[in-house]
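Counting from 1, the numbers follow the sequence of the chain as shown. Atoms within each ligand, like the ligands themselves, are counted from 1 in listed order.
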Amino acid sequence: MLLTSLNPAAVAARADIGDAVRIGGTTLSRSDLVGAATSVAERVAGAGRVAVLATPTPATVLAITGCLIAGVPFVPVPADVGVAEQAHILTDSAAQAWLGEAPADPAGLPHVPVRLHARSWHRHPEPAPQSTAMVIYTSGTTGPPKGAVISRAAVAADLDALAQAWQWTAEDTLVHGLPLFHVHGLVLGLLGSLRVGSRFIHTGKPTPEAYAAAGGTLYFGVPTVWSRIAADSSSARALAPARLLVSGSAALPVPVFDAMVNLTGHAPVERYGCTETLITVSTRAGGERRPGSVGLPLPGMQTRLVAEDGAPVAHDGETIGSLQVLTPTVFDGYLNRPDATAAAFEADRWYRTGDAAVIGPDGMHRIVGRESVDMIKSGGYRVGAGEIETVLLGHPGVAEVAVVGLPDRDLGQRIVAFVVGEAVPDELIDYVAQQLSVHKRPREVRVVESLPRNAMGKVLKKELML
Ligand code: MCA
Ligand code: AMP
């Protein structure tokens, strides 16, 4: 089965459809996209792995599509990446070149530009389903981000299950303004549109005004995006003609769900997943959409709850357990990290999500929260407290540090660093933005006399979160 609908037969059958992708002020027809991406494929064919600076531009779309056609694994690099995080991603992934947008600092790697007006109609054979589509870097509770190796088969299985659940067809126009370096914006948004054959519009920034003006049928957003839209009633009302509004990447607050129903006339579909498993649970276009619930497992996927001692937890709608999933969409492991890969799975191959959840007798899932305080979700971005702490400890003005996620009406959680030392808070915020990435910067730095610790010297983060 083809990963994208970009085979020549699909192109011929859809020749009358016209526009395929609108991004960064440029519109690519389906034949522009196929012709230019196939030309990219010719230039990269045979490469081991390439890095793509994932800005929301036509160059990024062509680079990624070209890699998929050629069967070359790509590594999306955050568009706002800093020095240390970029160095880590390039070294760990052993990327051989930058493809697409030119980075500010190529770090010694060659840059292969893509040409918007080049065309090739060469027919590349479909790569093996088990081969790697991409390596996405994602944060853990400690240490630098790990590269999740994601196969073509996993992507294809997830997109087909989502298309079924959301009644997503080639008639849809999908709109979002999310980053193209994470599963949500990249796999679901861009690759979903390519596979289903729907039109894709990237709004640049996901502002309420841009969503209102886009005229889509299907909209994706993280809860921060929906909460900003719900606070802007005229933009929200402009979404009434849409077919489906989908929320994910973090919990959608019930008041935001309710406001969307009132303003847009649509109960949002909520879905749940993670980089390692892709999306595994969702409410349905044709089913109940219950506030606070992420719905039922997608076709072909299974979930279970386990207690701390490994015993099964009842699906009674009340008892909280650790959520585990068994799915054909699971990743192939973390690059260069067999230890972390092994730790992520049970002996029977179920994946440990690290999320606490409740399952009702009717099968509906509710995500209660993360099991570790060191895993922060801010604006839908997954950020490890440990990686920020490590960077801050490298700053000469920081003697001790503890990073936590505090509740935030806009971002869900806001990254806050408690620091012992002489440093100026704004300098530390900029330092993290420059070293890791802009979206990982603490929104607040509190300089304190000391950190609360237990008898063993471990920081009591729960006390900082009171
Ligand atoms: C501020 N800025 C700075 C600094 N302070 N720049 C450098 N140094 C500083 N100290 C600037 C930035 O450059 C930027 O400028 C502006 O401030 C806004 O920053 P940002 O933090 O990005 O803005 P925000 O408004 O807080 O962003 C909210 C957001 C964003 C748009 C909702 O958080 C977002 O895009 N979230 C989506 C995350 C996502 O897709 N996650 C999916 C992963 P300028 O704007 O001018 O550049 S989860 C996943 O994939 C799973 C599978 C799932 O379930 O979906
Ligand atoms: P990431 O690996 O960046 O994709 O983040 C995955 C994590 O996001 C999950 O383990 C959850 O903690 C969280 N998440 C994703 N979707 C939802 C949702 N609909 N409700 C609550 N949490 C979610």
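In this structure, Glu270 falls outside the shell of residues with a heavy atom less than 4.0 angstrom from ligand 2. Close to ligand 2: Val294, with a non-hydrogen atom less than 4.0 angstrom away. In this structure, Gly273 counts as a contact residue of ligand 2, since one of its heavy atoms falls inside 4.0 Å of the ligand. Heavy atoms of Lys377 come nearer than 4.0 angstrom to ligand 2 in at least one pair. In this structure, Lys377 has a heavy atom closer than 4.0 Å to ligand 1. Residue Arg441 places a heavy atom less than 4.0 Å from ligand 1. Between Pro179 and ligand 1 there is a heavy-atom distance shorter than 4.0 Å.
Using a 4.0 Å cut-off between charged side-chain N and carboxylate O, Arg199 and Asp172 make no salt bridge. Residues Arg352 and Glu346 are paired through a salt bridge, judged by an N-O separation under 4.0 Å between the basic side chain and the carboxylate.
Considering backbone and side-chain atoms together, Arg443 places an N or O closer than 3.5 Å to an N or O of ligand 1. Looking at Arg370 next to ligand 2, an N or O pair under 3.5 Å apart turns up.
Protein heavy atoms are absent from the space less than 4.0 angstrom from atom 29 (C) of ligand 1. For atom 22 (O) of ligand 1, the protein comes within 4.0 Å by no heavy atom at all. In this structure, atom 16 (C) of ligand 1 has no protein heavy-atom contact shorter than 4.0 Å.
Ranking the protein heavy atoms by distance from atom 41 (N) of ligand 1 puts Gly380 O, 2.9 Å first.
Arg366 CZ: 12 or fewer foreign heavy atoms inside a 6.0 Å radius.
Nearest to atom 16 (N) of ligand 2 by heavy-atom distance, out of Pro223, Ser247, Ser249, is Ser249. Comparing Gly295, Gly248, Ala250, Gly292 against atom 18 (C) of ligand 2, the shortest heavy-atom distance belongs to Ala250.
Within ligand 1, the atoms closer than 4.0 Å to a non-hydrogen atom of His182 are 42 (C), 43 (C), 50 (O), numbered from 1 in the order shown.
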